[in-house]
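Counting convention: from 1, in listed order, for ligands and their atoms alike.
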Amino acid sequence: MALYTRVKESIAVITLKNPPVNALSTAVRRGIVESLSQALQDEQVKAVVFCGENNTFCGGADIKEFSGSMSGPPLVPMIHSIEASEKLIVAAIEGVALGGGLELALGCHYRVADTNARLGLPEVTLGLLPAAGGTQRLPRLIGITAALELITTGRHISAKEALKLGIVDQVIEGNAVLAAMALALSVIGQPLNARRLSLQAPAWVPDVDYVCEAALARVKQRSRGAMAPVACVQAVRAAAMLPYSKGMEKERQLMDMLFRSSQARAMQYAFFAQRSAGKWSLPNGAQWNNTKARNVERVGVIGLGTMGQGIAVSLVKAGISVVAIEVDTKQLELGKKAVTAMLQRYAQRQGVSSPLHLLKFTLSFHQLRDVDLVIEAVFEDMNLKKRVFSELCKVLKENTIICTNTSGLNVDELAAVTDRQHLVVGMHFFAPAHVMRLLEVVYGSGSSPEAVAIAMALGKRMQKVCVAVGNCSGFVGNRMLKHYMDQSVYLLEEGATPEQVDQALEEFGFAMGIFKVADLSGLDVGWRVRKASGLISPDIDPVKPSRWRFGRRYCPLPDMLCQQGRLGQKTGHGWYLYNSPGSKEAKCDPEILKFLEDYRLKYGIIPRRISSQEVIERCVFSLANEGLRILEEGITAGPEDIDIIYLFGYGWPRYRGGPMFYAAQVGLSVVLEKLEHYHHLQPDVPSLEPSQLLRKLVAEGSPPIQQWKSHIKNLHSQL
Ligand SMILES: CC/C=C\C=C\CC(=O)SCCNC(=O)CCNC(=O)[C@H](O)C(C)(C)COP(=O)(O)OP(=O)(O)OC[C@H]1O[C@@H](n2cnc3c(N)ncnc32)[C@H](O)[C@@H]1OP(=O)(O)O
């Protein structure tokens with residue numbers, strides 16, 4: 001709703017009221033229309049101030065309403081009548097003015113913001129565009145170049161930047177509502193037409209075509225296949241070329257197309273999935289709102305390799321003191337140099353004072369005596385990690401939490417060597433750890449709810465998107481990825497090339513194809529894991545290695561590349577060729593094509609033409625199938641967690657929601673049918689066998705993804 005109050009003689013205040021972010025729900029829009037009419041009819045009232053309850057102006061349209069039938073007063077005419085009002089209207093922006101919230105403010109004649117306010121038009125992140133006049137008013141206010149940047153990225157800006165751009169008229173420290181009233185009193189009586197953005201001429205500039213083409217190229221590169229950013233550019237172009245009313249028509253047409261799209265549904269699902277992952281729960285009933293996390297102020301980081309460096313940087317950026325440890329002076333100096341440089345660059349870019357005073361570098365474990373939590377980030381080797389854990393127990397306080405940064409090692413096995421199994425948790429950061437947002441927080445069988453709560457809260461402070469997951473080999477992300485990778489190399493055996501597979505995956509929307517990712521990470525990473533798990537042993541024929549291991553299909557191609565020293569970007573060649581070791585531009589390598597041909601000849605495989613559809617179905621459906629098995633086993637609390645892991649850790653396109661959402665969108669019965677088909681062709685690939693949960697969901701009529709949790713519960717009770 002909206003609250004109407006008369007303050008002073010001549011000012012009415014309309015307060016948006018819909019906690020927590022005063023979203024423009026049907027009730028709020030009704031309240032605004034009624035309050036505005038009251039203010040306009042009241043002859044005593046000369047000016048109106050719009051504000052939001054609880055120091056929050058407005059978080060935009062109510063996203064929850066998008067999936068239902070929208071009713072109540074629409075935003076466009078509502079904002080138009082605000083702008084057309086003969087009485088002066090000022091927006092008092094505190095907290096956030098986002099999406100429809102900022103569009104409402106743009107309809108007001110003046111805008112005052114509190115110094116801490118954040119403003120933006122994030123609709124593009126929901127697969128939409130600012131369709132309450134935002135694409136037409138903002139370019140008229142700040143020009144098309146700045147408007148294009150804000151609207152196509154959805155970036156939130158500070159009040160200071162908004163002032164610089166000319167979005168707000170005043171930034172104040174203190175009470176924005178009082179400042180808005182003071183501003184109103186000082187300008188009452190002045191003509192308003194110049195303040196009505198819809199009356200301004202189109203935001204035309206001589207190089208409009210060039211500016212829009214450049215913006216289009218940028219958005220296509222940044223989010224391949226996404227419709228909303230392209231539509232945003234088209235709408236802003238209309239603001240530059242057309243009168244307001246025609247521009248609004250274009251905005252509406254584009255919005256109609258986006259609003260109905262599966263991309264918008266996927267991105268709105270992702271918005272809520274991210275919030276649901278923050279509300280973690282464990283199988284024993286402990287969860288985010290019934291478990292208290294004690295505060296962490298000092299953290300030890302063991303190992304200053306690439307991962308340890310990124311972790312230390314993220315901690316310091318969050319204002320947490322770090323004691324960083326290495327084994328020898330040389331490694332310590334290397335780590336110190338890298339961490340210091342990253343933090344100095346960060347301080348310079350942000351214009352903040354250097355946080356280096358929060359760091360201590362040492363060779364001595366004794367310096368860890370008073371830390372609250374330790375993150376071990378040594379080499380991915382179980383025995384080494386066990387040794388570190390045993391040493392730690394000798395020096396740490398008895399309630400210090402011990403976390404292991406591992407991408408898949410058994411957390412229970414590590415916890416077993418400590419004197420505090422309840423305080424051991426996995427923290428799987430993604431490389432580079434100071435950039436990647438995802439953090440899998442892995443609870444072992446003995447981890448206490450408090451330890452999980454502490455790790456989740458620490459991750460959140462480090463600006464990570466944290467997902468609590470159970471302990472299993474590879475945890476969630478890497479366990480699923482294995483099946484996706486297996487299918488991609490089987491496709492090479494059968495006739496595809498790395499470029500073909502990558503192209504299909506990139507056209508699907510992945511930030512990078514699987515073979516480019518493998519080259520970037522280094523092919524030796526997986527090689528080491530396969531050796532450690534016994535898949536590669538000395539008795540394997542090096543010339544014609546077996547294509548079966550432990551009774552299952554196995555593709556030795558990656559091992560054969562590693563044997564040749566082709567480890568990826570770092571060696572200048574892997575699945576692709578690079579100009580020099582370390583360079584990033586991947587080129588097709590004729591040697592690889594020849595190598596694949598020879599391989600097929602050696603094993604008598606007749607190559608066949610493989611379609612992009614087959615690449616996607618085999619890679620993506622086997623990924624989703626494993627996700628369903630993970631749900632079946634209770635490793636995550638729900639499908640949303642899995643989708644968030646893939647969106648934030650594996651370059652999954654946001655406009656496809658995540659592998660679980662995608663499977664639901666394609667249709668679970670289609671996924672089942674395809675998996676049965678491919679499993680029939682590859683009976684020696686057990687992972688292609690449709691999971692029990694998939695069969696159950698299909699048998700129960702493929703319920704919407706939001707209802708899967710209750711079906712999983714039933715599945716467990718039958719086990
Ligand atoms: C025909 C016209 C059709 C469409 C018009 C579209 C124009 C729009 O306005 S689209 C919406 C644009 N707005 C946004 O995208 C803002 C989304 N919200 C956020 O970015 C953040 O929530 C935040 C406002 C910056 C606040 O962040 P934070 O303090 O970290 O809290 P959260 O956990 O994110 O949110 C708390 C709580 O609020 C719910 N919520 C937030 N925004 C909305 C919203 N716009 N609509 C509905 N609900 C919203 C969020 O889901 C959380 O709910 P919980 O139940 O507590 O999880």
task: Check each of Phe66, Phe661, Tyr655 against Tyr269 using the ring-ring contact (aromatic ring centres under 6.0 Å, His included) test, and report the only one that passes.
output: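 Of the listed options, the one satisfying the test is Phe661.
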query: Does any non-hydrogen side-chain atom of Thr291 lie less than 4.5 Å from one of Val452?
result: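 Not touching, per the 4.5 Å side-chain cut-off.
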query: Would you say the side chain of Thr15 lies within less than 4.5 Å of the side chain of Val177, judging by non-hydrogen atoms?
result: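 Not touching, per the 4.5 Å side-chain cut-off.
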- prompt: Looking at Arg195, Arg137, His109, which one forms a side chain to side chain donor-acceptor pair (under 3.5 Å) with Glu83?
  reply: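 For Glu83, the side chain to side chain donor-acceptor pair (under 3.5 Å) test succeeds with only one of Arg195, Arg137, His109, which is Arg137.
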So, for [atom], does the protein have a heavy atom nearer than 4.0 Å?
| atom | value |
| --- | --- |
| atom 51 (O) of ligand 1 | yes |
| atom 57 (O) of ligand 1 | yes |
| atom 38 (O) of ligand 1 | yes |

query: So, is Arg275 polar-close to ligand 1, with some N/O to N/O distance under 3.5 Å?
result: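 Yes; the residue has a nitrogen or oxygen that sits under 3.5 Å from a nitrogen or oxygen of the ligand.
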- request: Examine Leu128 against ligand 1 and note whether any of their N/O atoms are separated by less than 3.5 Å.
  value: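 It does not: no N or O of Leu128 is found under 3.5 Å from an N or O of ligand 1.
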query: Which ligand 1 atoms, with their elements, are less than 4.0 angstrom from a heavy-atom of Gly99?
result: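 Taking each heavy atom of Gly99 in turn, ligand 1 has 9 (O), 12 (C) under 4.0 Å.
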Counting heavy atoms only, which of [options] is nearest [atom]?
| atom | options | value |
| --- | --- | --- |
| atom 14 (C) of ligand 1 | Pro122, Pro19, Pro20, Cys58 | Pro122 |
| atom 4 (C) of ligand 1 | Met255, Glu123, Met70 | Met255 |
| atom 8 (C) of ligand 1 | Ala61, Gly120, Ala131, Gly101 | Ala61 |
| atom 13 (N) of ligand 1 | Ala97, Gly95, Gly278, Gly59 | Gly59 |

query: Does even one non-hydrogen atom of Lys279 get within less than 4.0 Å of ligand 1?
result: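 Yes, Lys279 has a heavy atom closer than 4.0 Å to ligand 1.
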message: Please check this pair: side chain of Lys17 against backbone of Asn54, looking for a donor-acceptor N/O pair closer than 3.5 Å.
response: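 No, Lys17 side chain to Asn54 backbone: no donor-acceptor pair under 3.5 Å.
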- request: Kindly check if the number of other-residue, nucleotide or ligand heavy atoms within 6.0 Å of NE2 (His80) is above 12?
  value: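 No, NE2 of His80 has 12 or fewer neighbouring heavy atoms, counting only those of other groups under 6.0 Å.
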